[in-house]
Amino acid sequence: MNMKIYFAGSIRGGRVDAGLYRRMIDFIQREDRVLTEHVGAQQPTAVGAEACDDAEIYRQDTSWLRESDMLIGEATCPSLGVGYELAYAERMGIPCHVFYNPERCRLSAMIGGDDYFNVYPYHSEEELFEQLSRILGRQK
C-alpha cells in the first residue's frame, strides 16, 4: 500500500451517495489504504463498534486524519462533518481533493473559495474516476 487515505463522505447528513462512496473507496484501495472505509457501507458504524458515542467518533476520526497522507472527499451531499474534516485536514497540512456533482448541488463557498482545496466538479462517474486516477498517479 502506497498511501493512507482519509475518505470523507456524508454519514449523518444523508446516505444517498453511499454506493458511489463504496465504488470510490474500492477504487482507491486497489493500491492504497482507506482508513475510513466504513463511510462506503450502507449503514456505517464508526470505529468498528455497534454504538460509539460522539466523543469516541471524534477521537477516532481525528486520529485517522492525523495519520493520513491525503484526504479525498465527495461533497455532493452537504455534511457538517465533511466540512469539519476538510478544515481539520487543512489545519494539519494534509492535501485535500474534493469532488462534487454541480448538477445536484451548489458547493459551499467555504470549500470552493478556499485555494487550499483541490476541487473537482464532475458530471459523470467516468469523469470522476479519470480525475481520481490522476490524483493517485495511476494509469487508466
_salt bridge (Lys or Arg N to Asp or Glu O under 4.0 Å) contacts touching residues 87-105 (sequence neighbours left out)_ = Asp17-Arg104

*Excluding sequence neighbours, so at least two apart, what forms side-chain hydrogen bond (donor to acceptor under 3.5 Å, both in side chains) with Arg59?*
none

_Residues in salt bridge (Lys or Arg N to Asp or Glu O under 4.0 Å) contact with Arg106, at least two apart in sequence or another chain_ = none

*All pairs passing ring pair (Phe, Tyr, Trp, His ring centres under 6.0 Å) where residues 11-32 contributes a residue, at least two apart*: Phe7-Tyr21, Phe27-Phe129

_Salt bridge or not between Arg12 and Asp54? Use side-chain N to carboxylate O under 4.0 Å._
yes

_Which residues share a ring-ring contact (aromatic ring centres under 6.0 Å, His included) with Phe117, sequence neighbours left out_ = none

*Return the set of residues passing ring-ring contact (aromatic ring centres under 6.0 Å, His included) with Phe99 (not counting sequence neighbours), or none when no residue passes.*
Tyr120

*Does Glu130 offer a backbone N or O that forms a donor-acceptor pair with the side chain of Arg138 under 3.5 Å?*
no

Could you give the side-chain donor-acceptor pairs of residues 108-116 under 3.5 Å, partners two or more places apart or in another chain?
| residue | atom | partner | partner atom | Å |
| --- | --- | --- | --- | --- |
| Ser108 | OG | Met110 | N | 3.1 |
| Asp114 | OD1 | Tyr116 | N | 2.8 |
| Tyr116 | OH | Gly93 | O | 3.3 |
| Tyr116 | OH | Ile94 | N | 3.1 |
| Tyr116 | OH | Ile94 | O | 2.8 |

_Distance in Å, Gln60 CD paired with Thr36 OG1, rounded so as to fall on 0.5 Å steps_ = 10.0 Å

_Ser68: partners by side-chain hydrogen bond (donor to acceptor under 3.5 Å, both in side chains), with sequence neighbours left out_ = none

*Under the side-chain hydrogen bond (donor to acceptor under 3.5 Å, both in side chains) test, which residues partner Glu127, sequence neighbours left out?*
none

_salt bridge (Lys or Arg N to Asp or Glu O under 4.0 Å) involving Arg23 - partner list, sequence neighbours excluded_ = Glu125

_side-chain hydrogen bond (donor to acceptor under 3.5 Å, both in side chains) involving Asp26 - partner list, sequence neighbours excluded_ = Arg22

*Taking only residues two or more places apart in sequence or in another chain, which ones pass ring-ring contact (aromatic ring centres under 6.0 Å, His included) with Tyr6?*
none

